[in-house]
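Below, each value reflects all heavy atoms present in this structure, side chains not excepted, and no hydrogens, waters or symmetry copies. In what follows, residues are counted from 1 in the order of the sequence shown.
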Amino acid sequence: MKQKAHRLFLIILINSLIGINLIAQSNYYVLHGDTITQHKVLLQKPYMNAQWCPVYDTSEIVRYSPSEVSAYMTEKTLFVSAEIDLHGERKQVFLELLVEGSIRLYVYSTNLKTFYIAQKSGHSFVFLEDSKKEGVKTLREQINDIAGNDETAIYLRKINLNHNSLKSAFNRLNHPEKWYRHTVGLGLRGGVIRHSLTQSNVILDILKKEEFKFNPTYSFTSGLVFDLPVDPIRLVISPQYTYYSFLASTRNANADAVVGLFTDYNLYIETELLILPISLRYAWHAGNFAFYAGGGLHTSYQFQTKTTLRTSEVLNGPGFLAAFHTTKPIETRRKLHTGLLLEAGTAYKLTERYQLHLGLIYTYLLTQTKSIQSRFNHNTHQLQPSLSIIHIL
């Protein structure tokens, strides 16, 4: 009894493995309703595969017509038999399936030309025409007509008549739930930047060992957002304007000296700059929400910078106590600075045309200034929460 049970289990296991193998099979053809996997189907020139299903059968190549084979696959390329109307002539050919879904995209090749054909489920084939011809609609309008003026067609960006552009467009059209990946947007951004400085190197002619104490400061920022899809990620460019000022101070005390009780050094940094964060994002969708994370480069141009070292010296002499104040400007070594950024946030689809983005960006930036008698280097850490409203183009 146990032996029969073992045999039955073995037969079921073998049949299951055979079934899995057939499902995973990427080389087959369907001849008169039968799926055949024993022979190799060949991938040849596109116009040849559009006419015949070439099968290597033991020692020779057998060509099956579209009336004999309903579909065949070779090297992950699927061809299906279909009857089309080309230049007023009805003919049965093999169409290469480029995109599967509610709206399919096919390509049909001859030795002279490549044709792209779309088909909505339950409808007839529609040839996509070159929009450069006079009186021909744009490809976006043609696809919109095929989709039945579906609202999801707004996710189609500029489309060209080639494999990659059309495949990307039809994949977006068939997967509107991934709305954040597909849209081209332009919007406004506003936020607050928390600036925090850490000292990397300070050398002054009379002060070499003291450390400046930096107080973090805040600034408001505003600008534009260019939100561009680069499937399956996004390229985000956001030129912004901001102004901020810093105060850093230290004291050199010398209580033992008769003259010079102490000296205060106050460093003032006032900066007006244009910042340009460029990042790549990857998004996860959850209904009308999309959660994203990414990173990139941060560039800033300081078109106006004022750095000043103010010295306040208290002197103690015979019978008097005096204070002297001096101011020395520090020149900017360079105006263009670069750094790295990390970001995360969420996007919410308000309507088909508008999105709300709430993000958090961390930036590490190296800045340098100098004067004839001193060199002052500092690293800038920036934390920017921002709010953006994006309009879908």
Student: Are the ring centres of Tyr364 and His298 closer than 6.0 Å?
Tutor: no
Student: So how far is it from Leu98 CG to Leu166 CG, rounded to the nearest 0.5 Å?
Tutor: 8.0 Å
Student: Start with the C-alpha distance between Tyr282 and Tyr292, add both sets of side-chain angles, then the distance that settles side-chain contact (heavy atoms from CB on, under 4.5 Å), and finish with yes or no.
Tutor: CA-CA 5 Å; Tyr282 186 85; Tyr292 63 82; over 6 Å; no
Student: Suppose we call two aromatic rings close when their centres sit under 6.0 Å apart. Are Phe125 and Tyr106 close by that rule?
Tutor: yes
Student: With a 4.5 Å limit on heavy-atom distance, are the side chains of Tyr108 and Ile117 in contact?
Tutor: yes
Student: Can we say Glu83 and Lys91 salt-bridge, meaning some charged N sits less than 4.0 Å from an Asp/Glu carboxylate O?
Tutor: no
Student: Looking at Ser165, is its backbone amide N or carbonyl O close enough to the side chain of Asn160 to form a donor-acceptor pair, meaning the two atoms are under 3.5 Å apart?
Tutor: no
Student: Any side-chain heavy atom of Phe94 within less than 4.5 Å of one from Ser81?
Tutor: yes
Student: Going only through I, L, V, M, F, W and Y residues with side-chain contacts under 4.5 Å, is there a path from Leu228 to Leu276?
Tutor: yes
Student: Could you tell me whether a side-chain N or O of Gln51 sits under 3.5 Å from a main-chain N or O of Tyr47, the two making a donor and an acceptor?
Tutor: yes
Student: Report yes if some heavy atom in the side chain of Leu95 is under 4.5 Å from a heavy atom in the side chain of Val107; otherwise report no.
Tutor: no
Student: I need the minimum non-hydrogen distance between Leu274 and Gln240, along with the two atoms involved.
Tutor: CD1-O, 3.0 Å
Student: Looking only at side-chain N and O atoms, does Tyr116 offer a donor or acceptor that is under 3.5 Å from a partner on His163?
Tutor: yes
Student: Any side-chain heavy atom of Asp227 within less than 4.5 Å of one from Val184?
Tutor: no
Student: Short question: side chain of Glu141, backbone of Asp145 - any donor-acceptor pair under 3.5 Å?
Tutor: no
Student: Mind listing the closest non-hydrogen atom pair of Thr74 and Asn27 along with its distance?
Tutor: OG1-ND2, 3.6 Å
Student: With distance as the sole test, does Asn49 use its side chain to make a donor-acceptor pair with the main-chain N or O of Gln44 at under 3.5 Å?
Tutor: yes
Student: Got a second to check how far Cys53's SG is from Glu68's CD, nearest 0.5 Å?
Tutor: 9.5 Å
Student: Can you see whether Ser219 engages Thr242 through a side-chain donor-acceptor pair at a distance of less than 3.5 angstrom?
Tutor: yes
Student: Carefully, step by step, assess Glu270 and Ser245 under the rule side chain to side chain donor-acceptor pair (under 3.5 Å).
Tutor: CA-CA 4 Å; Glu270 297 178 85; Ser245 61; 5.8 Å; no
Student: Between the main-chain N or O of Leu224 and the side-chain N or O of Ser238, is there a donor-acceptor pair closer than 3.5 Å?
Tutor: yes
Student: Find the distance between CG (Leu128) and CG (Leu105) and round it off to the nearest 0.5 Å.
Tutor: 7.0 Å
Student: Same cluster or not: Ile278 versus Val230, using hydrophobic residues (I, L, V, M, F, W, Y) connected whenever any side-chain heavy atoms lie under 4.5 Å apart?
Tutor: yes
Student: Which heavy atom of Gly339 sits nearest to which heavy atom of Leu365, and what is that distance?
Tutor: N-CD1, 3.5 Å
Student: Report yes if some heavy atom in the side chain of Tyr29 is under 4.5 Å from a heavy atom in the side chain of Met73; otherwise report no.
Tutor: no
Student: Do the ring planes of His195 and Tyr244 sit parallel (below 30°), tilted (30 to 60°) or perpendicular (above 60°)?
Tutor: parallel
Student: Side chains of Arg234 and His182, heavy atoms from C-beta outward: is any pair under 4.5 Å?
Tutor: no
Student: Determine, using the 4.5 Å side-chain heavy-atom cutoff (strictly less than), whether Phe303 and Leu336 are members of one ILVMFWY cluster.
Tutor: yes
Student: Using side chain to side chain donor-acceptor pair (under 3.5 Å), reason through Gln355 and Tyr180 one step at a time and then give a plain yes or no.
Tutor: CA-CA 9 Å; Gln355 299 174 9; Tyr180 180 69; over 6 Å; no
Student: Working note: Gln384 + Thr221, criterion side-chain contact (heavy atoms from CB on, under 4.5 Å); need CA distance, chi angles, decisive distance, verdict.
Tutor: CA-CA 9 Å; Gln384 178 189 359; Thr221 179; 3.4 Å; yes
Student: Would you say that more than 12 heavy atoms from the other residues, nucleotides or ligands in this model lie under 6.0 Å from the CZ of Phe127, or not?
Tutor: yes
Student: Residues two or more places apart in sequence or in another chain: which of them pass side chain to side chain donor-acceptor pair (under 3.5 Å) with Tyr362?
Tutor: His381
Student: Return yes if a side-chain donor-acceptor contact under 3.5 Å exists between Gln92 and Ser67, otherwise no.
Tutor: no
Student: Is there a side-chain contact between His357 and Ser386 in this structure, where contact means two heavy atoms from C-beta onward sitting under 4.5 Å apart?
Tutor: no
Student: Evaluate the ring planes of Phe79 and Tyr72, with Trp represented by its six-membered ring, and classify them as parallel (under 30°), tilted (30 to 60°) or perpendicular (over 60°).
Tutor: parallel
Student: Could you walk me through whether Asp130 and Val136 pass the side-chain contact (heavy atoms from CB on, under 4.5 Å) test, one step at a time?
Tutor: CA-CA 7 Å; Asp130 190 348; Val136 177; over 6 Å; no
Student: Enter the distance from Leu97:CG to Leu78:CG here, rounded to the nearest 0.5 Å.
Tutor: 5.5 Å
Student: Could you tell me the separation between the NE2 atom of His285 and the CH2 atom of Trp179, rounded to the nearest 0.5 Å?
Tutor: 6.0 Å
Student: Counting C-beta onward and ignoring hydrogens, is there a side-chain heavy-atom pair between Val225 and Ile390 closer than 4.5 Å?
Tutor: yes
Student: Assigning hydrophobic clusters by single linkage (Ile, Leu, Val, Met, Phe, Trp, Tyr; side-chain heavy-atom cutoff under 4.5 Å), is Leu358 placed with Leu350?
Tutor: yes
Student: Please report the C-alpha distance between Ser121 and Arg104 in whole Å, then the side-chain angles of each, then the deciding distance to 0.1 Å, and finally whether the side-chain contact (heavy atoms from CB on, under 4.5 Å) criterion is met.
Tutor: CA-CA 8 Å; Ser121 296; Arg104 299 182 182 89; 4.2 Å; yes
Student: Please determine if Glu129 and Lys133 form a salt bridge, counting it only when a charged side-chain N lies under 4.0 Å from a carboxylate O.
Tutor: no
Student: Verify the cluster assignment for Phe289 and Ile389: are they in a single hydrophobic cluster under the rule of side-chain heavy atoms below 4.5 Å apart?
Tutor: yes
Student: Mind checking whether Phe170 and His175 have ring centres under 6.0 Å apart?
Tutor: no
Student: If you round to the nearest 0.5 Å, how far is CG of Asn162 from CG of Asn164?
Tutor: 6.0 Å
Student: Work out which heavy atom in Leu273 is nearest to a heavy atom in Ser300; give both atom names and the distance.
Tutor: CD1-CB, 3.4 Å
Student: Can you see which heavy atom on Leu173 is nearest to which on Pro176, and at what distance?
Tutor: O-CD, 3.6 Å
Student: Could you name each residue pair satisfying salt bridge (Lys or Arg N to Asp or Glu O under 4.0 Å) that touches residues 277-288, not counting sequence neighbours?
Tutor: Arg281-Glu343
Student: Over all heavy atoms of both residues, which pair between Thr271 and Tyr243 is shortest? Give the atoms and the distance, please.
Tutor: O-CD1, 3.2 Å
